[in-house]
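Each chain gets a letter, A, B and so on, in the order the sequences are listed, and its residues count up from 1. Only a predicted model underlies this, so the values are computations on that prediction, with no experimental measurement involved.
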There are 2 protein chains.
Amino acid sequence: MRMGEDRSVAAESGTRARTRRAIVDAAVALLAGDPTASLGDVAAAAGVGRTTVHRYFPERSDLLAAIGADVLEKVAAATERARLDDGPAAKALERLCQEYFELGDGLTLMFETPQLTNWSGWDEETEADRRFLDTVRRGHAEGSIDRELDEEWVRNLVWALLYSAWEQARTTGTSKHSALALCLHTLRKALAP
Amino acid sequence: MRMGEDRSVAAESGTRARTRRAIVDAAVALLAGDPTASLGDVAAAAGVGRTTVHRYFPERSDLLAAIGADVLEKVAAATERARLDDGPAAKALERLCQEYFELGDGLTLMFETPQLTNWSGWDEETEADRRFLDTVRRGHAEGSIDRELDEEWVRNLVWALLYSAWEQARTTGTSKHSALALCLHTLRKALAP
DNA sequence: GCCGAGTGGAACACCACTGTTCCATAACGG
DNA sequence: CCGTTATGGAACAGTGGTGTTCCACTCGGC
């Protein structure tokens, strides 16, 4: 082995890694708009041949799994950036909400493509999910989050607000910035005891 | 004309009307869970032959249109029952929320099947939608609804909360009743100035 | 400039769903 | 009770996505 990585099977050449990313990114963007888009469509959107897509992801489910892993990774990174343990829990959730908002299409996808959440990485509790629920509990304890709202409800609420904000930006002319502001404003009021 | 209706083409015999309902109802329940379910699945769920489904709805899109009309009708009825003009606007929206909650599967369907909203009845503003937005404006005027939240955002918010509530009942063990309570509690706080 | 990795396209079999026709039979209603 | 009405199933062709193979190409890095 030279400088390259060799995680499980083999290191991926720079070219392969780039093509792979192009396909996954295009798939995320496309499937967010229409979860039933064909692999041919994905290939076209990625600017590669359909054959190439099949070379990287033998079956459709393989592509879905890759997307799932990708989103999961981004969620983990966003959670990291939000520094959930700093300051009041309510504020921490607002920061998290901002970070999640930036995920964009990946977000919509999780909402509209339950099949994504059907692969191995999702059934067991995610680290990010656990950190989220812990933070809500911390908020309950320190009194910065309404105790009437149980953890799962807060989680659902956050996702729903994020989805709404994107929907707002998409359908009405609202800018992403204002949509996020509405989202955070509403979250703050909802969480307050 | 005797007692029967003869709206556009012809009155439907009792038998036909019943079969039609069975198909539409089954389709709503099934498609809410999986928007890509086949017509064969719908037929099976409705307890009729696939041929019969095609007899009532020649093409898939015809069935979708019928479902769209059905949901639209139920939304209109729910809006009626909520008596939006009575009392404070914020309370009116809470009543509306309760009524919408009862729509159940029809609700999920509107979220997950944008194709439904692509038929004729949806593109132009619905009467129900107009009444909703009017009520929000009334709330702004009388001060019972936070003026920071524009009408569209409130609409998105209500739908998102309803979806969350059903999700809550579906995934966590929460009873429908408690889920609705959380939903209303959150809405009340979010709307308050 | 060369060689191999990486690619695109054509052609193929396959499958599931769709929409249609036809016929035998069951249910309904007067 | 009998004829009309409604139904279910089988069989069919058509369609579009899927997954596979093969071959000619081009591009990148040494």
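B/K189 places a side-chain N or O within donor-acceptor distance of the main-chain N or O of A/A192, the cut-off being under 3.5 Å. In this structure a side-chain-to-backbone donor-acceptor pair under 3.5 Å is present from A/R138 to A/L84. For the pair B/D34 (side chain) and B/L31 (backbone), a donor-acceptor distance under 3.5 Å is absent.
Considering B/Y163, B/W166, B/Y100 as possible partners of B/F111, the one that fulfils the ring pair (Phe, Tyr, Trp, His ring centres under 6.0 Å) test is B/Y163. Between B/F57 and the choices B/V42, B/L39, B/V24, B/I67, the side-chain contact (heavy atoms from CB on, under 4.5 Å) rule is met once, by B/V24.
With hydrogens and angles left out, the side-chain atoms of B/S164 and A/W159 include no donor and acceptor closer than 3.5 Å. With hydrogens and angles left out, the side-chain atoms of A/N156 and B/Q168 include a donor and acceptor closer than 3.5 Å. Under 3.5 Å, the side chains of B/H140 and B/D150 contain no donor-acceptor pair of N or O atoms.
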Would you list the protein and nucleotides 18-25 of chain C atom pairs, both N or O, that sit under 3.5 Å from each other?
from, atom 1, to, atom 2, distance (Å)
C/dT18, OP1, B/R60, NE, 3.0
C/dT18, OP2, B/L39, N, 2.9
C/dG19, OP2, B/R60, N, 3.2
C/dG19, N7, B/R50, NH1, 3.1
C/dG19, O6, B/R50, NH2, 2.9

For nucleotides 25-30 of chain D, print each protein N/O atom paired with a nucleotide N/O atom at under 3.5 Å, atom names and distance only.
none

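Between the C1' atom of C/dG4 and the CZ atom of A/R16 lies a distance of 14 Å, rounded to the nearest Å. The separation between B/L31 atom CG and C/dC17 atom P is 14 Å, rounded to whole Å. Summarising the geometry, the separation between CD1 on A/I23 and C1' on C/dG6 is reported as 12 Å, rounded to the nearest angstrom. Straight-line distance from the CG atom of A/L64 to the C1' atom of D/dT18: 14 Å, rounded to whole Å.
An OP1 or OP2 oxygen of D/dA6 is reached within less than 4.0 angstrom by no side-chain nitrogen or oxygen of B/Y56. Side-chain N/O atoms of B/T52 include none lying less than 4.0 angstrom from OP1 or OP2 on D/dT7.
Using a 4.0 Å cut-off between a side-chain N of Lys or Arg and a carboxylate O of Asp or Glu, A/R21 and A/D70 qualify as a salt bridge. With respect to B/D86 and B/R95, no salt bridge is recorded, no charged nitrogen being found less than 4.0 Å from a carboxylate O. Using a 4.0 Å cut-off between a side-chain N of Lys or Arg and a carboxylate O of Asp or Glu, A/R137 and A/D134 qualify as a salt bridge.
Overall bending of the helix from C/dG1-D/dC30 to C/dG30-D/dC1, expressed as the angle between end axes built from five pairs apiece, is 40° (10° steps).
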